[in-house]
Amino acid sequence: MTNIAENIASTYVQIRQLEQDFERSDHSVKLLAVSKRQPVGKIRQAWEAGVRDFGENYLQEALPKMEELADLSICWHYIGPMQSNKTSAIAEHFDWVHSVDRDKLASRLNDQRPAQLGPLNVCVQINLSGEASKSGISLADSTGLCELIAGLANLKLRGLMAIPAPESNFDRQRQCFKELKNKFLDLATHYPSMDTLSMGMSSDFPAAIAEGSTMVRIGTALFGERA
Ligand SMILES: *Cc1c(COP(=O)(O)O)cnc(C)c1O
C-alpha cells in the first residue's frame, strides 16, 4: 500500500537536499502534487501531510473533486491541455493555469475570470523540440504570447512550463530544462511578475531543480500509480 505521508516527507527531503547540492536557495522549490486520476481520499492524506498545492488535468474530473474537498483551502492548478470551451470553468475554479499556449485561450481566460477572485496566475506552456505532449507554443512564439498576457488585467504572468520527452539520462534531461530556463531568464528581465519555472515530474525533477525549477509537478512518486 502507498504510504502517502511517507512519500511526501521523503520527497521534501530530496527537494531540500537537491537545493543544497545545486546551490539553490533554501525553500526556493515548491511541491505541486499532481492528483489527476487519484481519489479524493489520497488528496486529503496529502493535505494532512502538509501539501497545499494540487494539480489536475481534466476539468470534468477536477470539478467534483473540488466540491468534495471544499472544506480544505487548496490552491488548485490546472495543468492539462485546454480546449477553448472549457476556459470559463477553469477561470472560475482554479488559482493557477500552467498550460496556456495560445492567444485565444489567454484572452478567453482573461474575459471570463470573475473580478472578485483577483488575477488568475498563468504559466505559458512551451513545446520544447521532441516534447512528448503535443501541447505548447514554440520558444520563438512564446515571446508574443507573454507580451499579450502581461497586458491583460485579469491574468498574472507567472512563468513558463514544459513537459520534456521522456529521457533517462540526467545530463540530457538537464540540457532540455536549460533551454526553458534560458528563455525564462530572458523574459523575466522584461516582465517582473515572472517568478515561476514549472518543470520537473517524478522521473526528472532532480535535473529540473539543478536547472532552476521553482515548482516541481509530482504525481506518481507521491500517490503511486494512477487508476
Ligand atoms: C501527470 C502530470 C505530471 C505528473 O507526472 P508524474 O510522472 O506522475 O509525476 C506533471 N505534469 C503534468 C503536466 C502532468 O500531466
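All residue numbers in this chain count up from 1 along the given sequence. All ligand and atom numbering here is 1-based and tracks the order in the structure. Owing to the predicted nature of the structure, the values given are computational and were not obtained by experimental measurement.
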Are Pro164 and Gln173 close enough that some pair of their side-chain heavy atoms sits under 4.5 Å apart? no
Applying salt bridge (Lys or Arg N to Asp or Glu O under 4.0 Å) as the test, list every pair that has at least one member in residues 32-55; sequence neighbours left out. Lys30-Asp53, Arg44-Asp71
Check ligand 1 for close polar pairs with the protein: N or O on both sides, less than 3.5 Å.
unit_1: ligand 1; atom_1: 8 (O); unit_2: Thr220; atom_2: N; d: 2.8
unit_1: ligand 1; atom_1: 8 (O); unit_2: Thr220; atom_2: OG1; d: 2.5
unit_1: ligand 1; atom_1: 8 (O); unit_2: Arg226; atom_2: NH1; d: 2.8
unit_1: ligand 1; atom_1: 8 (O); unit_2: Arg226; atom_2: NH2; d: 3.3
unit_1: ligand 1; atom_1: 9 (O); unit_2: Ser202; atom_2: N; d: 3.0
unit_1: ligand 1; atom_1: 9 (O); unit_2: Ser202; atom_2: OG; d: 2.5
unit_1: ligand 1; atom_1: 9 (O); unit_2: Gly219; atom_2: N; d: 2.9
unit_1: ligand 1; atom_1: 11 (N); unit_2: Arg217; atom_2: NE; d: 2.9
unit_1: ligand 1; atom_1: 15 (O); unit_2: Lys36; atom_2: NZ; d: 2.7
unit_1: ligand 1; atom_1: 15 (O); unit_2: Asn57; atom_2: ND2; d: 2.7

Looking at residues at least two apart in the chain, or sitting in another chain, which of them share a salt bridge (charged side-chain N to carboxylate O under 4.0 Å, His left out) with Arg16? Glu19
Specify the closest pair of heavy atoms between Ser198 and Arg217, including all atoms of both residues, with the distance to one decimal. O-NH1, 2.8 Å
Mind checking who shares a hydrophobic cluster with Met215, ILVMFWY linked at side-chain heavy-atom distances under 4.5 Å? Leu32, Val34, Ile79, Trp96
Looking at Glu92, I'd like to know if its CD atom is crowded, meaning that more than 12 non-hydrogen atoms belonging to other residues, nucleotides or ligands lie closer than 6.0 Å. yes
